Amino acid sequence: MRRGPRSRFPTPSYGAPMGWDARRPDWNSPPPRRCPGPAPLPWRPIDMCGLAGLFLPASAPVAEADIAAMLRVMRHRGPDGTGIHVSHDHRFQAGFTRLAIIDLATGDQPLVRGGGELVLLGNGEVYNYRELRSELSARGHAFKTQGDMEAALELFHAKGGDFVHGLNGMYAMALYERDAHRLLLLRDRLGIKPLYWTRVRGGGVLFASEIKALFASGRAAPEIDETSVAAYLGHGYVPAPATLYKGVFKLPPASLMTVEANGEIRIERYWRASPAADLPQDEAGIKARLVEILDDAVGLQLRSDVPVGAMLSGGIDSGLLVALAARRLDRPLKTYTVRFSGARVDETPLAAQVAARYGTDHTVFELSTDSAAQLLPRLCWHADEPLADASLLPNHLINEVIGRETRVVLNGTGGDELFGGYGRYFRLPVEARYLTLPRTLRKLAEAVVGTANPFLAWQLARAEKFDGNRGAYLFDHCTLFPPPVMALLGGKLALPHPAQAGFFAQYAGPADSAALYAELNTYLPEDLLCLLDRTTMAHSVEGRVPLLDHRLVEAALAVPPEIRNPGGRQKALERAIAADYLPDSLLSAPKQGFASPVPAWFETGGLAPLARRLLTRKQSLDRGWWSKDGIERLLAQPGRHAFRLYALLALELTVRLHGEGSYGEAPTASLAEMADG
């Protein structure tokens, strides 16, 4: 089944808890309780975290940021303690809130080397830290901790800025060099972990793992950027480096930002996904090489000083991860499957077959998504920016329950982007038939149809973009607000340039691979990985994504399209790889995914009147982003426009919570209370 934009769960995003790595001599924590018990964890949580800080140039007047307040607003990211470092001249102030996963006893941050010569704050995990520590120890480096981030610090001391090429993991880091009075900000290659920054008065740079922390500092105030509002409506997210707020920026994936002592900022891209040069040429060799890399990535990501689990759906991605992980453990792998009450799709039977095949310790949760009106304000607070992906709520519910059981879960995000798992990567059959008509006849048909049905005319016109402008074609197949809908909405905003188009044009290779590259740089980090970070971190859970090991990304891009997707078959190569590991019933099952029941929320779930009250209040209409009549036109057809209304609600709530209001903690108010407020 083809997954429409933002209408379903990212099927491979089930990151299930993966079991214990009994080979670790330092793991002796008791096993977690079986769900659904509300009992607290019997261990301290693990090393996903939040970082925050202020860097002031040498010529700037000394100023203070409320680091403690910045950390408090991100407490969900790291409930296991905080640390603050302030340089002797107060020109570097930084703090860290910790979720302890590796090196529970000595892994606190900030890490300070040489009495303040170097200071490192790192959110995330460096998976190859053991190899780095061994290599550096042999070269005379001494370590004070057993953690992964000290390996990164020592690697920087040894290699300088080139240290980024030696890291394998998901991370955002801030590194301060005292003698040069220089700040480095770094984000992992795929953009799995977030990092935001803004300039402050006097030329200083404020940075944090979440945008709301910047506003909590006392040094920055939110101001909505209308250009970003248009970008959000077009894409369903605000593409990097912009955010919804003026002057606040995302550090793009695979970027290293340097702030010099004089305040000069330089941002460079240190890695771009490019085809691996050493991939075998034959299909059997390709399959073996991809399995080799993925198996090694799974092994690296099972490293933890607390139990690791895996969310097991009925899909290929999570099933393959479970198969490879289970072989590495000498205890049963802890796996989880979710069944949503009333859903048309139930993947638990397929997941149960995989669990039985690998003898996992398997748990099934049954959840309901009827709490949308109650939880949407809280979800939008956690997201910081509007996210049109309606799977935010179900993923939030999943991780809320998982968080009672474990703190690290493997996650299958990335499989569709690596192996061609979406219908939009291939020309639709109806479009192929339409394009057999002469172009003059097509344009005449579009003009005639457009007088009665502008949306259908737009759909017809986008067909030829597949060959002429594939990036724009991807955008058109994802956007919730194409030109005919924007006209229906009646606002003043103009659609943005498609972010996918620029990345597609960058790629010097087959068009089918360029489409994957475009999505790896847009939809993946801005939607799927943002959603993963926010919904896991809201419950102090770390989601790990072995399919996004950068070595596997490079290898997957090197696969010839005719081997990756012969005949336009989605995920054909991955399906062939999985045939050695998964039951035939799963391999032959149609792509399903869970359909988030947004239309039902509006038709029978009570969201329609609340949306009307929120979206047509005077303050909202005065912005001019939509008209009252436009909202009524959408509400008149909730079955057709429910996902668009949801996207507008996410935008409106974000503006209310972070633009017009100031909430130091997640709101407890329901959507009805927000509408009345």
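Model, not experiment: these values are computed from the prediction.
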Undergrad: Could you walk me through whether Asp296 and Leu300 pass side-chain contact (heavy atoms from CB on, under 4.5 Å), step by step?
TA: CA-CA 6 Å; Asp296 188 64; Leu300 287 174; 3.9 Å; yes

Undergrad: Rounded to the nearest 0.5 Å, what separates atom NE2 in His382 from atom CZ in Arg378?
TA: 5.5 Å

Undergrad: Looking only at side chains, do His76 and Glu210 share a donor and an acceptor under 3.5 Å apart?
TA: yes

Undergrad: May I ask you to test the Leu379-Leu387 pair for a side-chain heavy-atom distance under 4.5 Å?
TA: no

Undergrad: Just checking Phe643 against Tyr646, ring centres under 6.0 Å apart?
TA: no

Undergrad: With sequence neighbours excluded, what pairs up with Tyr517 under the ring pair (Phe, Tyr, Trp, His ring centres under 6.0 Å) test?
TA: Tyr507

Undergrad: Tell me if a side-chain donor or acceptor on Ser513 pairs with a main-chain N or O of Gly509 at a distance below 3.5 Å.
TA: no

Undergrad: Any side-chain to backbone donor/acceptor pair from Asp295 onto Val291? Under 3.5 Å, distance only.
TA: no

Undergrad: Answer with yes or no whether the side chains of Thr535 and His396 bring together a donor and an acceptor at under 3.5 Å.
TA: no

Undergrad: Looking at Asp533 and Arg77, is there a salt bridge between them, counting it only when a charged N and a carboxylate O are closer than 4.0 Å?
TA: yes

Undergrad: Salt bridge between Glu283 and Arg289, side-chain N to carboxylate O under 4.0 Å?
TA: no

Undergrad: Can you tell me how far CG of Leu302 sits from CZ of Arg328, rounded to the nearest 0.5 angstrom?
TA: 7.0 Å

Undergrad: Are Asp512 and Arg564 within salt-bridge range, i.e. N to O under 4.0 Å?
TA: no

Undergrad: With the threshold set at 4.0 Å, does a side-chain nitrogen-carboxylate oxygen contact exist between Asp384 and Arg534?
TA: yes

Undergrad: Give the intermediate values and the outcome of side chain to side chain donor-acceptor pair (under 3.5 Å) for residues Ser274 and Glu554.
TA: CA-CA 6 Å; Ser274 57; Glu554 292 171 341; 4.9 Å; no

Undergrad: Would you say the side-chain atoms of Arg133 pair up with the backbone N or O of Gly147, donor to acceptor, closer than 3.5 Å?
TA: yes

Undergrad: Does the Tyr358 side chain pair with the main chain of Tyr581, one donor and one acceptor, at a distance under 3.5 Å?
TA: yes

Undergrad: Okay, side chain of Arg187, backbone of Lys193: is any donor-acceptor separation there less than 3.5 Å?
TA: yes

Undergrad: Only one of Leu397, Ile398, Ile402 passes side chain to side chain contact (heavy atoms under 4.5 Å, CB included) with Phe365; say which it is.
TA: Ile402

Undergrad: Is there a side chain to side chain donor-acceptor pair (under 3.5 Å) between Glu366 and Ser341? Walk through the geometry before answering.
TA: CA-CA 6 Å; Glu366 180 147 354; Ser341 55; 4.7 Å; no

Undergrad: Evaluate Val559 against Leu279 for side-chain contact (heavy atoms from CB on, under 4.5 Å), listing each step before the verdict.
TA: CA-CA 8 Å; Val559 177; Leu279 193 73; 3.8 Å; yes

Undergrad: Before you tell me yes or no, could you show the steps for Arg407 and Glu542 under side-chain contact (heavy atoms from CB on, under 4.5 Å), namely the whole-Å CA-CA distance, both residues' side-chain angles and the distance that decides it to 0.1 Å?
TA: CA-CA 6 Å; Arg407 284 291 184 248; Glu542 174 176 304; over 6 Å; no

Undergrad: Do the rings of His235 and Phe475 sit parallel, tilted or perpendicular, given the 30° and 60° boundaries?
TA: perpendicular

Undergrad: Using the rule given for side chain to side chain donor-acceptor pair (under 3.5 Å), can you reason through Thr337 versus Thr348, listing the C-alpha separation, both sets of side-chain angles and the distance that settles it, and then say yes or no?
TA: CA-CA 6 Å; Thr337 298; Thr348 55; over 6 Å; no

Undergrad: Please determine whether a side-chain nitrogen of the Lys or Arg among Asp346 and Arg339 lies less than 4.0 Å from a carboxylate oxygen of the Asp or Glu.
TA: yes

Undergrad: Would you sort out whether Glu150 and Tyr129 count as a side chain to side chain donor-acceptor pair (under 3.5 Å), showing the intermediate values?
TA: CA-CA 9 Å; Glu150 191 180 14; Tyr129 73 101; over 6 Å; no

Undergrad: Working to the nearest 0.5 angstrom, can you tell me the gap between Ile577 CD1 and Leu587 CG?
TA: 11.5 Å

Undergrad: State, yes or no, whether a side-chain contact exists between Asn128 and Val126 at a heavy-atom distance under 4.5 Å.
TA: yes

Undergrad: Does the side chain of Tyr523 come under 3.5 Å of the side chain of Gln500 through a donor N or O and an acceptor N or O?
TA: no

Undergrad: Using a strict threshold of under 4.0 Å (side-chain N to carboxylate O), is an ion pair present between Lys287 and Asp580?
TA: no

Undergrad: Does the side chain of Tyr425 pick up a donor-acceptor pair with the side chain of Gln570 at under 3.5 Å?
TA: no

